[in-house]
Amino acid sequence: MKNKIFITDQNIPLPVSEKKFLLPFLTKSSKGTKYYDTPRNLRVKKKYFAEKLLQFHQFVDIFNNVGINLKNKNFLDVGTGNGIIPKALLLTNKINTATGTDMYSPYEHGSAKIPIADKNFVKFTKYLKKSIKKNKLLYKLYSKDIQETAEKNIFKPEEISVEKFNFKKLKSYQFLKIGAQKLKKINKKFDIIYCKGLEHIHNWKLVLENFNSISKKNSYVYLKIRPFVSYLGPHRFATTAIPWGHALLTEKEYKRYVNEFHYERRKQMLHDYYDTLSFPRYSTDELIRLFEKKNFILLCQKTESPPYIEKIIKFKNKIKDFDFLLKKNNSASNLDLTTSVQHLIFKKI
């Protein structure tokens, strides 16, 4: 796609360029595929284990920093996929019991193409062991394998203590095929509810009602979320080649943009934009308020800016009517716009 211009309904010109505004900020796609194609090579590599290990490490580190003891806690992972995170927490004696829930089992659905854990969890434990020195998990020992451009080298977790692996505790792991909107069916209260992919789940109000049903006083909810209006908020499949186009365009304009610049894949792009991402859209401030209405207080918020922040701010400043279009179309804050990932911990009171 050559540099082009998209004209909004208010006759405002916006620059369009995949080469300049999109491709430099995406992780590399599989060889022989375009950036929006589903990956062909699903062979598990070090980068996968590194990303999972970072997720585990950040989880423990942030709870350590807010002074919450995990050892006696019952843990629920919402959208667990293959269950590596809850299993890793059990293996290292960080939690008491663990349950993982998901709408799909691995490989059951196109959006769930993740490595099945049975064999690969053994490989993960070996990778984890290599990242431990003198009973301390060290970020520097695995950071070189992290390839996610939106997360690399931003939230560097501190060293944490790791006890001798307890494989017997893995027997207590339970997987339940339940979506986030139906968690109340579990009929159990959890001390910690963890959800990494809330941006892919519809109807946050209903999800929160379910969180409320399966929690109790002093329970915690930990969300790791990419705000929709962040630079790559719609992910590689539905992000426009306009800087923050998804935040600046109306729904009508987005559809027109897709038809003008991505006609050959318009159906798939619109499907990804509306069906695989949360809807309706909420800002982080609005999400916090939803929790407050259910008697959850924000205990901790940790924000990661992408390593390419300096480049994209220049794009933002060069769009003359950026602030006008943003304010007209949504209630997003500058924090949401410039964030790659946010870590939010809520406490039920």
Is His200 reaching over with its side chain to a backbone N or O of Thr276, donor-acceptor style, under 3.5 angstrom?
-> yes
Who are the side-chain hydrogen bond (donor to acceptor under 3.5 Å, both in side chains) partners of Gln342, not counting sequence neighbours?
-> Thr284, Gln301, Asp336, Thr339
For Glu209, check side-chain hydrogen bond (donor to acceptor under 3.5 Å, both in side chains) against everything at least two apart and list the hits.
-> none
Looking at residues at least two apart in the chain, or sitting in another chain, which of them share a side-chain hydrogen bond (donor to acceptor under 3.5 Å, both in side chains) with Asp275?
-> His271
In chain order, what residues pass the ring-ring contact (aromatic ring centres under 6.0 Å, His included) check against Phe291, with sequence neighbours excluded?
-> Phe296, Phe346
Considering all heavy atoms, the nearest Pro243-Phe322 contact = O-CE1, 4.4 Å
In short, side-chain hydrogen bond (donor to acceptor under 3.5 Å, both in side chains) pairs touching residues 181-190 with sequence neighbours left out are none
With no hydrogens and no angle check, do the side chains of Tyr222 and His343 hold a donor and an acceptor under 3.5 Å apart?
-> yes
Which residue pairs pass the salt bridge (Lys or Arg N to Asp or Glu O under 4.0 Å) test when at least one of the two sits in residues 63-80, sequence neighbours left out?
-> Lys71-Glu163
No-hydrogen, no-angle side-chain donor-acceptor test under 3.5 Å, Ser161 and Lys136 = yes
Mutual orientation of the aromatic rings belonging to Phe59 and Phe63 [parallel < 30°, tilted 30-60°, perpendicular > 60°] | tilted
Taking only residues two or more places apart in sequence, or in another chain, which ones meet Tyr173 in a ring-ring contact (aromatic ring centres under 6.0 Å, His included)?
-> none
Does a side chain donor of either Thr80 or Asp102 reach within less than 3.5 Å of an acceptor in the other side chain?
-> no
Return the set of residues passing side-chain hydrogen bond (donor to acceptor under 3.5 Å, both in side chains) with His246 (not counting sequence neighbours), or none when no residue passes.
-> none
Residue pairs, two or more places apart or on separate chains, that pass salt bridge (Lys or Arg N to Asp or Glu O under 4.0 Å) and touch residues 227-253 | none
Check salt bridge (Lys or Arg N to Asp or Glu O under 4.0 Å) between Glu292 and all other residues, then give those that pass, not counting sequence neighbours.
-> Arg289
Does NZ or CZ of Arg266 come closer than 6.0 Å to the centre of the six-membered ring of Tyr254, within 45° of the ring's axis?
-> no
In the hydrophobic clustering (ILVMFWY, side-chain contacts below 4.5 Å, transitive), which residues join Ile297, or is it alone?
-> Ile349
Salt bridge (Lys or Arg N to Asp or Glu O under 4.0 Å): pairs with one or both residues in residues 311-330, sequence neighbours excluded | none
Say whether Tyr36 and His262, considering side chains only, have a donor N or O and an acceptor N or O under 3.5 Å apart.
-> no
Are Glu18 and Tyr35 linked by a side-chain donor-acceptor pair shorter than 3.5 Å?
-> yes
